[in-house]
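Notes to accompany the following structure.
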Amino acid sequence: METSEGCVTGGGPRLFFRTSSRGRAGGEADGGERTLVVPNGWYLLDELAPLQARGRRIVVYDPRHRGRSDAVEDPAELARGIDADVDDLERVREHFGLARFDLLGHSYAGMMVALYALRHGERVGRMVQVGPMEPFPGKEYPPHLTGATMDGVLREVFAKIAELQAASEPSDPVERCRGFWAELRRIYVTDPAHAHRAEWGRCELPLERNFMRYWMGQMMPSLRALALAAEQLAAVRTPTLVVHGTRDRSAPYGGAREWAMLLGDARLVTVEGAGHAPWIEAPELVLGAIAAFLDGDWPTAAETVRA
């Protein structure tokens, strides 16, 4: 296995990346490996490692204001939010010289990759959305299409986090962050025994400790301002696999059904009873479906959504 780290530079803030492969990189056009780009996908790199044996290079990177990438200070640039992330994804493509590549986005990055395919569809071979946020941010769904109302975990977690924020101890920001994540990770799985595996905090990094300020101040307003039309989504002809747990407390399952119904060439793998990290609770189903899809086949569990 060959791994490398570096930064995308030029045209914007530095973006830290990590690549992992087993063969010659370069993309299909020149006989190299196919490349799968995963924005904000550092915690998926080990999970996706089996794809390397199937002839893929995996590129994960920290978006701006995340991890080891740079933040920006200009107010106008800050206000661009998700649109800036889409432009940064194009910078990543240019850095690696990819004529065509595959994309995988989890959570809000599921929206990011869809917007990229909308604007640069000719560059994308296949696209995977795992637990994506809804295509119309803020839309409310009936109880059977959302996991947030099925139990009291969200209420319990947010109450505990409020207590932690009000407490004067610990004063160490790293320890405070770790306490925050010790509670927050409970909402990402349905079986509490699996919560420790959703360890995404990276509390040693200042940008990760302070990401919620950027998320609430700039990212969420930019997402809610998107106002995508059904006709725009239908124009995305990139083959797309949507994978979503029915008890996802962070992104409603109804949103996944809408993505699969509205995108021009999409199907849905439903993971019954799983939360926001369905690969943790159903690894064979989720990772097997992703591998089959990226190899060129619709997985047997994938359905065409009509309602």
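- Applying the 6.0 Å contact sphere to CD of E73 captures no more than 12 heavy atoms from other residues, nucleotides or ligands.
- E258 has its side chain within reach of K139: a pair of non-hydrogen atoms, C-beta onward, lies under 4.5 Å apart.
- Between the side chain of T3 and the main chain of S20, no donor-acceptor pair closer than 3.5 Å is present.
- Between the side chain of R66 and the backbone N or O of F211, no donor-acceptor pair lies under 3.5 Å.
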Compile the donor-acceptor pairs under 3.5 Å between side chains in residues 268-283 and protein atoms, sequence neighbours left out, one pair per line.
unit_1: T270; atom_1: OG1; unit_2: Y253; atom_2: OH; d: 2.7
unit_1: H276; atom_1: ND1; unit_2: D248; atom_2: OD1; d: 3.1
unit_1: H276; atom_1: ND1; unit_2: D248; atom_2: OD2; d: 2.8
unit_1: H276; atom_1: NE2; unit_2: S107; atom_2: OG; d: 2.9
unit_1: E281; atom_1: OE1; unit_2: T190; atom_2: N; d: 3.2
unit_1: E281; atom_1: OE1; unit_2: T190; atom_2: OG1; d: 3.4
unit_1: E281; atom_1: OE1; unit_2: G275; atom_2: N; d: 3.1
unit_1: E281; atom_1: OE2; unit_2: T190; atom_2: N; d: 3.0
unit_1: E281; atom_1: OE2; unit_2: T190; atom_2: OG1; d: 2.7
unit_1: E281; atom_1: OE2; unit_2: D191; atom_2: N; d: 3.0

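- Other residues, nucleotides and ligands place more than 12 heavy atoms under 6.0 Å from the CD atom of E204.
- A distance of 8.5 Å separates CG in L15 from CG in D62, rounded to the nearest 0.5 Å.
- Under the 3.5 Å distance criterion, the side-chain polar atoms of R100 are matched with a main-chain donor or acceptor of E122.
- A side-chain donor-acceptor contact under 3.5 Å links R237 to the backbone of G264.
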Begin with the C-alpha distance, continue with both residues' side-chain angles, and end with the deciding distance and a verdict on salt bridge (charged side-chain N to carboxylate O under 4.0 Å, His left out) for E90 and R93. CA-CA 5 Å; E90 174 65 1; R93 182 199 68 79; 2.8 Å; yes
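- A cation-pi arrangement, defined by a distance under 6.0 Å to the six-membered ring centre and an angle within 45 degrees of its axis, is absent between R123 and Y116.
- Residues Y108 and M219 have side chains in contact (heavy-atom distance under 4.5 Å, counting atoms from C-beta outward).
- In this structure, the side chains of P63 and D85 come closer than 4.5 Å at one or more pairs of heavy atoms.
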Show your working on salt bridge (charged side-chain N to carboxylate O under 4.0 Å, His left out) between R91 and D88 and close with a plain yes or no. CA-CA 5 Å; R91 292 173 56 216; D88 285 344; 2.9 Å; yes
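- Between H106 and Y43, the ring center distance clears the sub-6.0 Å criterion.
- Atom CZ in R224 sits 11.0 Å away from atom CG in L226 (nearest 0.5 Å).
- In this structure, the side chains of D102 and V124 stay at 4.5 Å or more apart for every pair of heavy atoms.
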Go through the steps for D265 and R126 under the test salt bridge (charged side-chain N to carboxylate O under 4.0 Å, His left out), then give the verdict. CA-CA 10 Å; D265 186 13; R126 293 194 155 225; over 6 Å; no
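- In the hydrophobic cluster analysis, where Ile, Leu, Val, Met, Phe, Trp and Tyr join through side-chain heavy atoms closer than 4.5 angstrom, F16 is grouped apart from L205.
- Counted within 6.0 Å of CG on D74, heavy atoms from surrounding residues, nucleotides or ligands total more than 12; the atom is thus considered enclosed.
- Cluster membership for M133 and L145, using ILVMFWY side-chain heavy atoms within less than 4.5 angstrom, is shared.
- Closest non-hydrogen pair, A71 versus P13, comes out as O-CB, 4.5 Å.
- Looking at F17 and V8, their side chains come closer than 4.5 Å, going by heavy atoms from C-beta outward.
- With R249 contributing its side chain and V189 its backbone, the two residues share a donor-acceptor pair below 3.5 Å.
- Formation of a donor-acceptor pair under 3.5 Å by the R14 side chain with backbone atoms of R64 is not found in this model.
- Listed for the T35 side chain is no donor-acceptor partner under 3.5 Å among the backbone atoms of F101.
- With a 4.5 Å cut-off on side-chain heavy atoms, I58 and L45 count as touching.
- Under the 3.5 Å distance criterion, the side-chain polar atoms of T238 are left unmatched by any main-chain donor or acceptor of M127.
- Atom CZ of residue R68 and atom CH2 of residue W42 lie 12.0 Å apart, to the nearest 0.5 angstrom.
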Step-by-step side chain to side chain contact (heavy atoms under 4.5 Å, CB included) determination, L78 to Y214: CA-CA 9 Å; L78 279 169; Y214 174 67; 3.9 Å; yes
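- Hydrophobic clustering places M261 together with L228 (ILVMFWY residues linked when any side-chain heavy atoms are closer than 4.5 Å, directly or through intermediates).
- Between the side chain of R176 and the backbone N or O of L164 there is at least one donor-acceptor pair closer than 3.5 Å.
- Residues T240 and Q129 are in side-chain contact: their nearest non-hydrogen atoms beyond the backbone lie under 4.5 Å apart.
- E134 contributes a side-chain N or O that, together with a main-chain N or O of G138, makes up a donor-acceptor pair within less than 3.5 Å.
- Looking at Y61 and L89, their side chains come closer than 4.5 Å, going by heavy atoms from C-beta outward.
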